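What follows is a short report on a single structure.
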Amino acid sequence: MPESAQAAGDCGLSEGRFAQGSDWVSQCPPGLDRLRNTWVNLNLEIIDPVTGVPSILNNQMFGGDAFVWREAGDNGVIVTELTHRLIGDIPGLGQVILQVGDGDPNGQNQGDLFSSGQIIDTNGDGFASSFFDVFFEIEVPSGERWRNSTALTIYGDRPLLGVPPNVIMPAEPNSAPNDILIPPLVCIEVPPVAINYCGTGVPTSFFSAGDDGEFGTPDDILRGRILAETHTIHPRTPEPSALLALMGLGAMLGWTKKRRALK
């Protein structure tokens with residue numbers, strides 16, 4: 001992913017370099033946001049393909065960077081696309097890769113995992129709801145891959161006041177105006193939190209390909225269900241180089257003040 005993905009157009013209700021004010025959703029230019037240190041927490045039911053016996057595995061953590069492409073805002077809506085490739089360890093399986101999206105966030109549907117969404121401000125007050133329709137692939141060490149066949153919809157648990165949400169912090173949960181409809185969510189939070197994207201608690205089944213090697217055909221094999229899912233976006237922290245620069249500047253300013261005091 002190009003480093004330019006880190007420098008998208010910040011927009012928000014009260015802050016943002018490219019659009020500000022209550023109509024920021026409609027005025028925001030396109031961008032590609034890099035959301036570092038994103039975590040996904042899953043409650044899983046995994047089904048043994050031989051015995052059919054399910055195992056429940058709660059709080060399975062996957063971490064890494066996520067990317068959200070967004071088109072220019074128009075009439076209170078920003079169309080988005082989510083992609084990430086996160087790593088975690090599942091007991092009994094080992095290191096597992098959780099892929100969401102087609103891996104090339106550009107707004108174009110380029111494969112079965114394409115995961116789109118929207119940011120919506122219905123009345124132009126600057127408080128926006130958001131969601132993603134997620135298609136995922138779980139790759140286990142054996143090389144077997146598991147995919148969902150119907151979208152897992154995840155919703156922001158608080159109103160957006162700007163993008164990206166790790167820079168322009170969203171509002172507090174349950175502070176949405178009446179026109180923002182956030183359904184009851186099942187969130188497994190990983191603090192500190194800028195925003196959580198959670199499901200509604202309806203299980204989402206995933207399958208391995210059958211003998212034909214194709215997904216979405218009658219011989220797919222049920223391998224389990226996601227019982228609850230939370231994507232946690234954390235507030236952005238300065239890069240190590242920026243921290244070192246700030247520390248150096250602070251030391252220099254302190255030394256200058258000390259010299260002046262000695263004169």
Side-chain angles (χ1 to χ4, degrees), residues 1 35 38-69 79-118 131-155 183 185-188 197-232:
M1 193 62 59
L35 307 174
T38 294
W39 286 91
V40 171
N41 191 339
L42 299 180
N43 288 351
L44 294 170
E45 177 187 63
I46 295 179
I47 299 173
D48 187 294
V50 177
T51 66
V53 175
S55 300
I56 303 297
L57 299 171
N58 291 332
N59 296 311
Q60 302 303 301
M61 301 293 297
F62 299 81
D65 292 353
F67 297 85
V68 174
W69 172 91
V79 175
T80 58
E81 178 188 354
L82 171 68
T83 190
H84 62 60
R85 185 176 176 86
L86 308 183
I87 307 296
D89 286 285
I90 294 181
L93 293 176
Q95 189 176 88
V96 173
I97 298 171
L98 175 64
Q99 174 73 44
V100 165
D102 58 26
D104 185 16
N106 57 13
Q108 303 297 315
N109 188 337
Q110 297 174 271
D112 294 338
L113 301 182
F114 178 72
S115 299
S116 62
Q118 290 186 347
F131 72 90
F132 296 100
D133 289 328
V134 171
F135 287 91
F136 61 83
E137 178 178 277
I138 299 172
E139 182 179 342
V140 298
S142 67
E144 188 177 20
R145 295 173 295 145
W146 307 334
R147 292 183 178 182
N148 57 326
S149 58
T150 57
L152 169 57
T153 302
I154 54 176
Y155 301 86
L185 303 176
V186 178
C187 294
I188 325 165
Y197 282 88
C198 316
T200 59
V202 177
T204 299
S205 299
F206 53 82
F207 305 82
S208 60
D211 291 336
D212 62 4
E214 300 289 333
F215 287 98
T217 57
D219 67 343
D220 284 358
I221 302 167
L222 178 64
R223 292 307 315 271
R225 299 176 180 87
I226 290 181
L227 306 178
E229 174 178 13
T230 300
H231 290 237
T232 299

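On a predicted model such as this, the values are computed, not experimentally measured, just so you know.
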Go through the structure and list residues passing side-chain hydrogen bond (donor to acceptor under 3.5 Å, both in side chains) with Asn106, not counting sequence neighbours.
-> Asp104, Gln110

Hey, what do you get for CG (Leu42) to CD1 (Ile138), rounding to the nearest 0.5 Å?
-> 6.5 Å

So salt bridge (Lys or Arg N to Asp or Glu O under 4.0 Å) across residues 47-58, not counting sequence neighbours, yields none

Could I get the full list of ring pair (Phe, Tyr, Trp, His ring centres under 6.0 Å) partners for Phe132, not counting sequence neighbours?
-> Tyr197

Residues that Arg147 engages under side-chain contact (heavy atoms from CB on, under 4.5 Å), provided they are two or more places apart = Asp112, Leu113, Glu137, Arg145, Phe215

For Trp69, the side-chain hydrogen bond (donor to acceptor under 3.5 Å, both in side chains) test, sequence neighbours excluded, returns none

Between Glu81 and Gln108, the two heavy atoms sitting closest are OE1-N, 3.9 Å

Contacts of Thr230 that satisfy side-chain contact (heavy atoms from CB on, under 4.5 Å) - sequence neighbours left out = Cys187, Ile188, Asn196, Cys198, Thr232

With sequence neighbours left out, what residues match Ile97 under side-chain contact (heavy atoms from CB on, under 4.5 Å)?
-> Arg85, Ile87, Glu139

The complete set of salt bridge (Lys or Arg N to Asp or Glu O under 4.0 Å) pairs with one or both residues in residues 87-100, sequence neighbours excluded, reads none

List in chain and number order the residues that pass side-chain contact (heavy atoms from CB on, under 4.5 Å) with Ile47, two or more places apart in sequence or in another chain; answer none if no residue qualifies.
-> Glu45, Pro54, Leu222, Arg225

Between Trp146 and Phe206, what is the ring plane arrangement, given parallel below 30°, perpendicular above 60°, and tilted in between?
-> parallel

Residue pairs involving residues 199-218 (criterion salt bridge (Lys or Arg N to Asp or Glu O under 4.0 Å); sequence neighbours excluded) = none

Mind checking what makes side-chain hydrogen bond (donor to acceptor under 3.5 Å, both in side chains) contact with Ser149, not counting sequence neighbours?
-> none

Sequence neighbours excluded, which residues qualify as side-chain hydrogen bond (donor to acceptor under 3.5 Å, both in side chains) partners of Ser208?
-> Glu144

